Every structure is written in C-alpha cells, then in structure tokens.
J.: 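Provided herewith is a single structure, encoded as structure tokens, for subsequent inquiry.
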Amino acid sequence: GPKVLQIPSHQIIDMGQMVTLNCDPVSNHLYFYWYKQILGQQMEFLVNFYNGKVMEKSKLFKDQFSVERPDGSYFTLKIQPTALEDSAVYFCASSSDRENTLYFGAGTRLSVL
Amino acid sequence: GEQVEQLPSILRVQEGSSASINCTYENSASNYFPWYKQEPGENPKLIIDIRSNMERKQTQGLIVLLDKKAKRFSLHITDTQPGDSAMYFCAASGNYAQGLTFGLGTRVSVFP
C-alpha cells in the first residue's frame, strides 16, 4: 500500500536544542499530519497542513513547534527549543483527500535528555 | 472537538474465538471511523473503516458496526489467529482539518 517515510527513526537530543523531524508523504497526497504518541498511550493529533498552511492544530502544538513543506520536499516538524516532555514517538501521516483515509509513517522516536 | 472512549484496554482470547472492541464518541458530527492495528515498534496500519452512511462493513475476518444513535462503533475479529495479537486503535473524525481523535487502544493477545 501507500508508504509514508520518516527520517530519522530515532533522534536523541539535549534539552533546549532544536530538532527537525522529516516526513516524505505519499507522492500524490495533499493533506499532512503530525501525531504524538507517548509510550503505551494513544496517538494525539498535533497539526494538519494543507496547501502550504496549517489548517488546524491542537493544544499540544506548542509555540515551540512549527511545520513546513518547502517546495514539495519533506514535510517537517521543527521543535525549538526542545523540552523533556517532548520525548515521544512522532508519527507523520498523509491523506489524498478530504475523506480522511490516513496513512502513517513508521514514526520518529525523539528522546530529549 | 471529539473524545473517543475505547474498551477494553486489554483483551486475551483463545485462538479461533472472536474478539470484540467497543468505542464511543461524543461529537455527533463525526462521520468517519477507522480502525488501526499497531505492532510493537511499527506504524499504525489501517485495517478497516466505516463512514456514517453505513451501519456494517465486513472484510477478511473483520466486522465493524456503527450505531450513530448511540454514538458507538465496534470492531469484531472473527476466528482470531496469533498474527492478530497487537494494539488496536479506534478513531473518529468529523472533518479533514480536525484529523483523527484516537481511543486509548486495546492490547489484544491471542493464545493457543
């Protein structure tokens, strides 16, 4: 089926530093999402991105978070500065239409020390 | 927004029997209800979904039921196999911009 690629699979970073998580969505998809999953818990919606803009974000999407997809390349999630509570697995997802069939990447495990 | 409750959190079933997971949602405007299966260290994979214009959908040993009046939907795995052992998440969404609201998950273990 359609594949969403996420790079890197694991990132270890010191608190206060910046981190960028990269997502290569399915090629013809137009809607992009980030979800956060703390170990053993459910995935929680962070943000939805369409047509170069953030469409909606949750209260988990703090001011330190930003997303972009410059020139159709990677869809990125940047956290600057990172905090200990940002440690989680971040899943990227994409969708081709408004009908909400989301395909998820394998996730990036972020460890903030 | 949306809130999704999922029960049970843990489900142990004997191989060959069926497993049922139940979810409820709050937002009556939600119209899309997917189910994802997640194995340890892997991404969640869509296994079946149902939209609000249907009450029942079946595919390859999976049945989903939707009761819009009760705001309840359920997944039934028939003839469970060891490969069905995983975390299962239900989700609900009202529109594309809101993304999906997930339940807390059900850890299904199929034993011989």
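Source: prediction; values computed, not measured. Numbered from 1 within each chain, the chains take letters A, B, ... in sequence-line order.
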J.: As an exercise: rank A:A93, A:S9, A:G107, A:A106 by heavy-atom pairs under 4.5 Å with chain B and give me the winner.
T.: A:A106

J.: With a 6.0 Å cut-off (strictly less than), is the heavy-atom count around CD of B:E55, excluding the residue itself, greater than 12?
T.: no

J.: Any chance CD of B:E39 has more than 12 other-residue heavy atoms, nucleotides or ligands included, within less than 6.0 Å?
T.: yes

J.: Is it the case that over 12 heavy atoms from other parts of the model lie below 6.0 angstrom from the CD1 atom of B:I10?
T.: no

J.: Provide the closest heavy-atom pair for A:G105 versus B:P44 in the form atom of the first, atom of the second, distance.
T.: O-CD, 4.3 Å

J.: Under a 4.5 Å heavy-atom cut-off, does chain B meet the side chain of A:E44, its backbone, both or neither?
T.: neither

J.: Please round to the nearest 0.5 Å and tell me the distance separating atom CZ of B:F102 and atom OH of A:Y35.
T.: 5.5 Å

J.: Around atom CD of A:E85, are there more than 12 heavy atoms from other residues, nucleotides or ligands closer than 6.0 Å?
T.: yes

J.: Is it true that atom CE of A:M15 has more than 12 heavy atoms of other residues, nucleotides or ligands lying nearer than 6.0 Å?
T.: no

J.: Would you say B:Q38 and A:Q37 make side-chain contact, with heavy atoms under 4.5 Å?
T.: yes

J.: Count the heavy atoms of every other residue, nucleotide or ligand shown that sit under 6.0 Å from CZ of B:R107, and state whether that count exceeds 12.
T.: no

J.: Of the backbone (N, CA, C, O) and the side chain (C-beta and beyond), which part of B:L104 lies under 4.5 Å from a heavy atom of chain A, both, or neither?
T.: both

J.: So for atom CD, which belongs to B:E15, do other residues, nucleotides or ligands contribute more than 12 heavy atoms lying within a distance under 6.0 Å?
T.: yes

J.: Take A:F104 and B:L46, measure what side-chain contact (heavy atoms from CB on, under 4.5 Å) needs, and give me the verdict at the end.
T.: CA-CA 9 Å; A:F104 284 84; B:L46 178 72; over 6 Å; no

J.: For residues A:Q42 and B:G103, report the shortest heavy-atom separation together with the two atoms involved.
T.: CB-O, 2.8 Å

J.: Kindly indicate whether the side chain of B:N43, heavy atoms from C-beta on, has any atom under 4.5 Å from the side chain of A:Y103.
T.: no

